[in-house]
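Throughout, protein chains are lettered first and strands after them, A, B, ... in sequence-line order, and every chain is numbered starting at 1. Note that the structure is a prediction, hence the values are computed from the model and not measured.
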Amino acid sequence: MKAGQEAVAIRAEQVSRHFSLGKTVIRAVDGVTIEVAGGEFLALLGSSGSGKSTLLNLLAGLDRPTAGAIFVDSRNLAEMSSLDLARYRSRTVGMVFQAFNLLPRMTLEENVELPLRLAEVDRGEREARVREALERVGLGKRAAHRPGEVSGGEQQRAALARALVNRPSILFADEPTGNLDSKTGTEILELLGEFNRALGMTMVMVTHEAQLAERFAHRVATLADGKLAADGAKR
Amino acid sequence: MKPSDLGELALRNLREAVLRNALTTLGVAVGVASLVAMLSLGVGLQQFTNRRLATSGLFNAIFISPLTNFGGFERRNQAPVAHPRPLDEAARKEIAALANVVEVYPQIRFLTELRYHDIPYTTAVSGLPESDRNDSAFDGMEGRFFSSPGADEAVLQIRFARQLSRDPASLLGQTLVLHYAARVPLNAQTAASDAGAAPGGKAGAAATTGAAGGFSVVPREQPLRIVGIVSSEPEAGFGGFRGGSVFIPLALAQTLEATQVSDLRQVLQGPSEGRDYASLIARVKGSGDVAAAEDQIKQMGFRTFSLFDASRNLQLLFALLDLLLGIFGSLALAVATLGIVNTLVMAILERRREIGVLKALGAADGDVKQLFFAEAGVMGAIGGVAGVAMGWFIGRMLTWGTNFYLHRRALPSVNVSAVPWWLALGAIAFAIGVSLVAGIYPAARAARLNPVEALRYE
Ligand SMILES: Nc1ncnc2c1ncn2[C@@H]1O[C@H](COP(=O)(O)OP(=O)(O)OP(=O)(O)O)[C@@H](O)[C@H]1O
Ligand SMILES: [Mg+2]
């Protein structure tokens, strides 16, 4: 365990997520046990359909496992009420997606403000925090633009700002560079690395680009057919 | 989420599909407008009727008569009374002293002959109490009400006035001569017949002999100045006592001592000191005082009748009318509700991704539900306010149209519709309530949406 990393932030024990489609059962995630230390940058690698996104959604509290337990701050996500899961997503977790998922009719500023509204942060405090988040990703001057008016890289930066505006302790990113060219993708990953170092945020990033994973993550875990095929610290 | 944020997001979402949401809101507005227009008609008619009744003097009057063993409608369950209390001057004073009784007066109405330019006309003459000065029937009269309670003046009903002259207005200030049969007590008969001005006065006197209460009937005449003409018929009242063609001040009518039909019955009832009244009318301050005063008068040993109960039935009738109008008006609102359900369900399909994003960012199911509720509520509120305005306008147009028609028939205007504040606020609240009910299903469906599936949608 590296310096700056605290005790376990997330611990998944024998987690499974099965989907029943008629008679066939799809084992998208099948008995995965994995730990993520506080302040760690973990990359989840694997081929398409290996269950990376499904596992990430389970860890982020967007979905519930069919079996197993996921402990965050010694609380089991699998047993939480849906309201508590929503609070967990609001206070503990930030999320970034491959498709950016900004609301198209809101300005970047308003998009970044959304998590603060949902967390019932006071109006007076919001403006400063939105500004700070946008400046951190280098979008201070594009705040009043809508997502359609800025580049893909800028949209993903805005999404990053939105993910960190509520100061979460864990950031989940599902192929954040998937829709970007390699130069822009690298810039986004540099930002993620900076958040990890400067803010001490725990990072869990899904990617299928092994090179990027190797370059930015502390540890790379590989999934295959819903199972953990390899899990090792690289440095 | 805080209510302010909820409202802001809801308004914002509604603006994003302006046309669709505006049409849905317009649907709500039309529904509310039809409800408000219907109910405003009910309320308007009720207000109009109540105002008419309040000033008609029918609902603050108690009709008093002595207990006679007569096959009347209310006597069926009562034992016959051997010596009914006479309705005399003492009784009148006693009744006048009761709490909230404003005035007690006899009904005086008799059929007689009037001469105008020496042409005789047979007609009914009624005495009007001073309190009738404020009666709505005299609101639009030509000329004026009597100058004093005992003035030698007459107010004519327009139909009678037209018989007298093609130009009724020219009658004002002219003199009518009233020929009538005066009732003279027997002991004063000599003097009375001496005073009788008409020729053949003695021949016309029908003497009643024997009982002390007997009297003779002597023809007399009384000149009257025409001071006013009423176009609307004053409410006929109990037994049509005001249903005359010529009205004179009640005090004058009393001094005339004209013979009335009821006098004959009184003669047969035997002796009594002074003159008994066949009936009296007691006026109380308001219709709310009727019941108590009526009870007290009954206890004094008289028969009473009032229209108080009839007015209660009328209120019930209006409540029923309102209910029916409300149900018809609500039909349009019910259809509008389906519009809200449809619009919001469509919005869920379109906004799957947005709902997924909100949930990923920490929105609880309740937040999503409230957001959809807020959108339904905002549509209801805007539709409600617009609908009340439209309904008010429709009511105005109806009133305008009705009055246009009435004026062409030379009738006074009527306010057929009214939107009191409780109707306006109630309709808005109802629109919001109905919209929220319409939002229940879409909101629940939106809240149930699985965020993972919503976000996988490309
Ligand atoms: N709701 C679902 N119903 C049925 N099958 C599902 C569902 N969600 C995921 N799957 C299946 O589970 C498996 C894992 O899917 P997942 O999206 O986690 O893969 P992934 O590793 O993220 O792939 P990619 O790299 O293409 O994003 C796939 O075979 C997928 O078809
Ligand atoms: Mg995936």
Taking atom [atom1] of [X] as the centre, report whether more than 12 heavy atoms of other residues, nucleotides or ligands fall under 6.0 Å from it.
| X | atom1 | answer |
| --- | --- | --- |
| A/Glu127 | CD | no |
| A/Asp225 | CG | no |
| B/Phe430 | CZ | no |
| A/Asp73 | CG | no |
| B/Phe393 | CZ | no |

| field | Electrostatic pair B/Lys2-A/Glu120, nearest N-O below 4.0 angstrom | value |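 Between A/Glu120 and B/Lys2 there is no salt bridge, as every charged N stays at least 4.0 Å from the carboxylate O atoms.
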Kindly give the heavy-atom pair with the smallest separation between [X] and [Y], and that separation in Å.
| X | Y | value |
| --- | --- | --- |
| B/Ala360 | A/Leu62 | CA-CD2, 3.7 Å |
| B/Ala363 | A/Ala86 | O-CB, 3.9 Å |
| B/Leu358 | A/Leu118 | O-CD1, 3.6 Å |
| A/Arg89 | B/Lys359 | NE-O, 2.6 Å |

Chain A contact via [X] - which portion, at a heavy-atom distance below 4.5 Å:
| X | value |
| --- | --- |
| B/Leu6 | neither |
| B/Asp365 | side chain |
| B/Arg12 | side chain |

| message | Just so I understand: if I count every heavy-atom pair under 4.5 Å between each of A/Met95, A/Arg105, A/Arg91 and chain B, which residue has the most? | response |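 Of the options given, most contacts go to A/Arg105.
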| query | CG of B/Leu361 to CG of A/Asn166: how many Å apart, nearest 0.5 Å? | reply |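 B/Leu361 atom CG to A/Asn166 atom CG measures 9.5 Å (nearest 0.5 Å).
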| request: Name the member of B/Asn450, B/Leu9, B/Asp367 that forms the most heavy-atom pairs with chain A at distances under 4.5 Å. | output: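 Option with the greatest count: B/Leu9.
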Which portion of [X] sits near chain B, non-hydrogen atoms under 4.5 angstrom:
| X | answer |
| --- | --- |
| A/Glu110 | side chain |
| A/Arg126 | side chain |
| A/Leu103 | side chain |
| A/Val121 | backbone |
| A/Asp122 | both |
| A/Phe172 | neither |
| A/Asn57 | side chain |

| task | Decide yes or no on side chain to side chain contact (heavy atoms under 4.5 Å, CB included) for A/Ser53 and B/Arg456, but give the supporting numbers first. | result | CA-CA 10 Å; A/Ser53 296; B/Arg456 196 173 34 229; over 6 Å; no
| Does the side chain of B/Glu354 come within less than 4.5 Å of A/Pro104's, by heavy atoms? |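 In short, these two side chains do not touch, never coming nearer than 4.5 Å.
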